[in-house]
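All remarks here apply to the structure that follows.
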Amino acid sequence: MPILLGSNLGTTVTAWLVSFQMEALGIILLALGFVMGYFPERIKLYSKPVFYMGLILFSLELISMNLTPIKDSPDLIDFLGYASNPFIGILYGIVITAICQSSSVTVGLTIILCSQNILGLDSAIGIIVGSNIGTTTTAFIASLKLGKVAKQTALANLAFNAIGVVIYLPFYKLFENLILSIS
């Protein structure tokens with residue numbers, strides 16, 4: 001459980017990096033992770049996480065640069081507009097994260113859509129909260145062929161994230177107002 005809690009917090013690092021618009025960092029981490037793969041085992045151990053973080057950031061940068069043709073699509077704007085309802089926003093977050101198997105990608109895309117005024121804060125919060133539940137599908141898939149403890153851990157991850165969302169829901173509007181007042 002402590003590792004799962006830590007991974008929930010660690011995922012926010014990607015969101016911060018995307019929000020700071022550190023475009024060059026993605027390609028740097030990609031290259032660094034690649035080169036680290038040729039070092040001795042102790043350094044090589046860190047090559048994949050560095051490479052994959054770079055890949056996520058670089059991919060999000062490419063998506064951001066190429067959103068222009070679709071950002072004026074009335075269908076996309078209407079579809080994303082439904083996410084302003086917290087339940088639909090949470091559902092979007094669950095589904096998108098379950099499909100791409102990465103809450104970092106979902107949160108990064110959400111931040112990009114907000115930065116380009118395609119998505120409003122009310123919609124973004126629901127999607128991000130939903131991504132916390134959607135990310136548990138990765139653990140469930142991984143635990144399918146593993147033992148009882150692995151399945152219990154996956155269930156604990158789902159329960160923790162789902163309970164967090166249930167506790168959060170009554171304070172949805174209060175939280176949105178708090179974020180608006182801080183920014």
Is there a path of hydrophobic side-chain contacts, each under 4.5 Å between heavy atoms of I/L/V/M/F/W/Y residues, joining [Y] to [X]?
X	Y	answer
Val165	Phe160	no
Tyr52	Ile99	no
Ile94	Val105	no
Leu121	Leu76	no
Ile77	Ile125	no

Minimum heavy-atom distance between [X] and [Y], given as atom pair plus value:
X	Y	value
Gly134	Thr137	O-OG1, 2.8 Å
Phe87	Asn85	N-OD1, 2.9 Å
Ile56	Ser102	CD1-OG, 4.4 Å
Gly33	Ser47	O-CB, 3.2 Å
Tyr172	Ser123	OH-N, 4.5 Å
Ile167	Phe171	O-CD1, 3.3 Å

When you measure from the side chain of [X] to the backbone of [Y], do you find a donor-acceptor pair of N or O atoms at a distance under 3.5 Å?
X	Y	result
Asn177	Lys173	yes
Gln116	Leu113	no
Asn132	Asn161	no
Thr135	Ser131	no
Lys44	Tyr38	no

Any non-hydrogen side-chain atom of [X] less than 4.5 Å from a side-chain atom of [Y]?
X	Y	value
Gln152	Val149	yes
Leu30	Met53	no
Leu155	Lys151	no

Is the Tyr82 to Tyr92 ring centre distance short of 6.0 Å?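 No, ring centres 6.0 Å or more apart.
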Would you check if the distance from the ring center of Phe51 to the ring center of Phe34 is below 6.0 Å?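 Ring centroids of Phe51 and Phe34 are no less than 6.0 Å from each other.
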Measure the [atom1]-[atom2] distance between [X] and [Y] for me, rounded to the nearest 0.5 Å.
X	Y	atom1	atom2	answer
Ser143	Lys148	OG	NZ	13.5 Å
Ile127	Ser84	CD1	OG	10.0 Å
Leu29	Met36	CG	CE	9.5 Å
Ile90	Ile128	CD1	CD1	11.5 Å
Thr110	Ile118	OG1	CD1	11.5 Å
Leu109	Cys114	CG	SG	11.0 Å

Taking atom NZ of Lys48 as the centre, report whether more than 12 heavy atoms of other residues, nucleotides or ligands fall under 6.0 Å from it.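 Counting neighbours around NZ of Lys48, 12 or fewer heavy atoms of other residues, nucleotides or ligands fall under 6.0 Å, so no.
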Going by atom types alone, do Thr106 and Thr97 pair a side-chain donor with an acceptor below 3.5 Å?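 Result is yes, a qualifying pair exists.
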